[in-house]
Every structure is written in C-alpha cells, then in structure tokens.
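Contents: one structure, followed by commentary.
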Protein chains: 2
Amino acid sequence: MNVQLNSITCKKTAIFDSTLCLIKEHGFHGTPMSMIAKNANVAAGTIYHYFESKDALIKALYIYVKDGLADAIPSDDNLLSYKELFIQYWVDQCAYFIAHENALYFLEQYNTSPYRISNPEIESKVFLTRIVPFFQKGIDSGQIRKMDYQLLMPVIHGSIVATAKYHLLGHYDFTKERLQETALIIWDGIKMQQSTITTHPII
Amino acid sequence: MNVQLNSITCKKTAIFDSTLCLIKEHGFHGTPMSMIAKNANVAAGTIYHYFESKDALIKALYIYVKDGLADAIPSDDNLLSYKELFIQYWVDQCAYFIAHENALYFLEQYNTSPYRISNPEIESKVFLTRIVPFFQKGIDSGQIRKMDYQLLMPVIHGSIVATAKYHLLGHYDFTKERLQETALIIWDGIKMQQSTITTHPII
DNA sequence: TGCAACCGAATGAACGTTCAGTTAAACAGC
DNA sequence: GCTGTTTAACTGAACGTTCATTCGGTTGCA
C-alpha cells in the first residue's frame, strides 16, 4: 500500500538527509550511527535495514547526492550556443551548491577521503552520461582549450565550489546575474584563445 | 646533549611522517594512535609526550606540512617580473606536491574536514606573511584580474593540486618544462585581460 | 640524585553491529 | 466482513571490539 511505500522512502531519505547534515559538522567518523539514527528519528537498527554497513551508507549517499546535483542541470534544448550552455552549467551547479550547503561539504569531504580513492568505480550514472560527454565535446570541437578532460574538470569544478563557499561564508551575496558574470570570467580562462601568438601546448 | 636533542626531533618528526603516511591511506579517524606509534617505531605513550591529544597532533601536523610547503618557495630576488614570479610559484608548489604526495593528500583532507572549519585561526606563519601578500600585490597592481583574493586563491590552488594529482595518478609525466607550460595557461586565465572589450565586473 | 624521554600494558568510554521482539499492512479462506 | 497468517518495516537494549588516553615504571644523560 502506498502509505507504507511512502514511509519506506521517507525513512530512507530521512537517514540520508540526517547523515548529510551531521557529516558537514562532524565528518565521517565523527558522526556515530546512533547520532544519525537519533537525528533522523529512527532506531539504530533501522539503518541496517536499508544499508549493510556505515560504509555502504556513505557510498549510497554519494550516489544520492551526485544524482541530485546532476538532476539540477537542464537538458540541452539545442537553442543555446556551447558557450551559453557552459555558463548555464556553471551557474546551475553553483546555485545548487549554494542552496544545498550540506551536499557541497559532503562531496568535498568524500572526494578527498580514502573512500573515493578506494572506490573509484562508484559514480553517478547521470554524471557519466551527461556531464563528462558535455566537456569532452567542448574540447573535441575546439571550443575549449586542448587540456585533458581530467585536468579541466577539477579546475572548473574548483571555481564553482570556491564561488559557492565564498557566498556561503557571507563574503559576498551572489545574485544570478553576478554568478553569470563570474562564470564568464571562467569561460574566458578555458575557452580556446584565438588572440595568443603562439598556441599553447597540448597537454 | 645533542644526541638526545637529535633523538627528540627524530621521534617527533617520525611521528609526523608516520601520521602523514597513514592518513593518506586511512583518513584521520581510520588511523589509530597505536598504528601511528607502531609505524613510527615509538611507544603509544610517547606521542602524548609531544602532543596533548590526537586532535593536537593533527593541528600541529597541519602547520608542519604548510611550513614545509611555504619553505619550498624561493625568496623574491627582484630580478623576475610578476608574471615570472607567478610561474615560478605555481611550478614550485606543483613540484613540491609531486615530490611529497602524502603532504598533498593530507592537506586536501584537512582543508575539507571539520578541523579546518572549526579551527580557521590555525595557519602557517610563512603562508600568511609571504603567499597572501604576493597575490594581493598582483591584484592591487592590476596584473591579475580584479577578483577577490579569496576567490582567486582556490582557483589557482585547485589548478596546482589537479595537475599534481594528474601526474601522481600516472596520467601524464610532467617535466619541469611541461609544468611551466601548464602554469602559463593558468596565468593567461587569471591575468588582467587587455583585449576584452568590456571590462569584467569586479567581484 | 634529578629529570626528561620513553615505554607499553591497562582502562574505560565510544561505537558499529546484532538480534529477539513488536507493529501493522496485505491477503487468503470462509 | 471477519479471522488467522505471513511478511516487511521497525525498534532499542545488549554485545564485543576498537581506540584514545593514562600511568607506573625504566632508562640514561647531567
């Protein structure tokens, strides 16, 4: 019956959200399962109904967050230029992080933790099927500098995260327009430069 | 006596290095004090002779690593242009991370952990007295885009870290020359653009 | 004789995980 | 419509382990 089905989803997402919220303040190992349970209004044992272990919970949470992030990206409607799509991508990602502070801090911690290093195979499907190809296309079609994708991504992602954190720390209040202007600066940095006398080396 | 004095330093740095090495693979809370002690060929109690607690050890380690990083930067000899100084800074930092993989991964984890957030006052003196002013000078003198320092730093730092990781993961073998070429790309991205028709907004 | 460096077994608290038991939805048989 | 049965969701006290920290004792230099 749907009442029960809803309650299943409800408890599971409550666990996710509770974990997300606590990890931001206490880190992975600083947040006990008991605390997650209490914060989610759930018994400790219930978590183990949905997740095999704490590790499994963290891994599932990563996919949950990454999927939410990728869903925030609008689908390509073919009306925009590549540059405009990039600006849109950048602004949307940044706005998502500003609106979902916990997700930002969780992802930052996950990406630099041994979890990531020892589970490189875990990745959001939406991320792999939409975001990776988008940037590869930009490089292949000569709109973005011929950097390797794996060097380009961290630089772009870094600028998004830095801007979102800057806003969240209260240093500056970014409006949508300001975000677009910032995205333009980044675009200027990564776009294929036609004015440069000597072409830069292909990495 | 200096033998003993040496052994003091020796044990203390052995603890630092052991912690650095283990944290890379297991994370902060994944490395017990007993493991740190064993790896450093030291008794568990000895760690508490030098550090009040595990937390204090991590904080001291942060300063230790950050000082080592800042020391890798050559002093300004006034013979180089600002651009050349930037390139040198970028390359030296990147080369340091490549040579000190453990330091890279530790700093990444520390910066994204609650340690950083709850102890923002802890910072290397060398970092504050040399690196911060260097970039402020670049912005003030109009050589770097008029971004806020706190937005500029993460972007530059992000590119350095991304490149070092790229090398360490075996994707590409960076020579000193290749690093300089990559630094040039970054410089092109952050330098004050004279060709742009409309000046970009000051953030 | 004093003192700092050092040791490592012992301690006690914290934590991940388990499990015996409870609740309530779903459904079959009548 | 009622009753009995099954099953998934859920509970929280209890367990066993791990770990940070302590402390009484040892070493060796001054």
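All chains are named by letter (A, B, ...) in the order of the sequence lines, taking the proteins before the strands, and each is independently numbered beginning at 1.
At D/dC10, none of the side-chain N or O atoms of A/His49 fall inside 4.0 Å of OP1 or OP2 (strictly under the cut-off). Contact check, A/Lys38 against C/dC15: no side-chain N or O comes under 4.0 Å of OP1 or OP2. A close approach under 4.0 Å does occur between a side-chain nitrogen or oxygen of A/Thr46 and OP1 or OP2 of D/dT11.
Between the P atom of D/dT21 and the OH atom of B/Tyr48 lies a distance of 4 Å, rounded to the nearest Å. The NZ-C1' distance, from B/Lys12 to C/dA4, rounds to 15 Å in whole Å. The interatomic distance linking A/Tyr50 (OH) with C/dG16 (C1') rounds to 20 Å, in whole Å. In this entry the distance linking CD1 of B/Ile15 with P of C/dA5 reads 12 Å, nearest Å. Between B/Phe28 atom CZ and D/dA20 atom P there is a gap of 13 Å when expressed in whole angstrom units. Rounded to a whole Å, the NE2 atom of B/His29 is 13 Å from the C1' atom of C/dC15. Between B/Met35 atom CE and C/dG8 atom P the separation is 18 Å, expressed in whole Å. The interatomic distance linking A/Ile36 (CD1) with C/dC15 (C1') rounds to 11 Å, in whole Å.
The number of heavy-atom neighbours closer than 6.0 Å to CD of B/Glu25, taken from other residues, nucleotides and ligands shown, is 12 or below.
Side-chain atoms of B/Glu84 come within 3.5 Å of backbone atoms of B/Ser81 as a donor-acceptor pair (strictly under, hydrogens ignored).
If you check C/dC7, C/dT17, D/dA20 against the side chain of B/Ala43, the one that comes closest is C/dC7. Closest to the side chain of A/Met33, out of C/dT17, D/dT11, D/dA20, is C/dT17.
Considering A/Tyr82, A/Tyr89, A/Tyr149, A/Trp90 in turn, A/Tyr89 is the only one that fulfils the ring-ring contact (aromatic ring centres under 6.0 Å, His included) rule with A/Phe135.
Across all their heavy atoms, A/Met147 and A/Ile139 have their closest contact at O-CD1, 3.6 Å.
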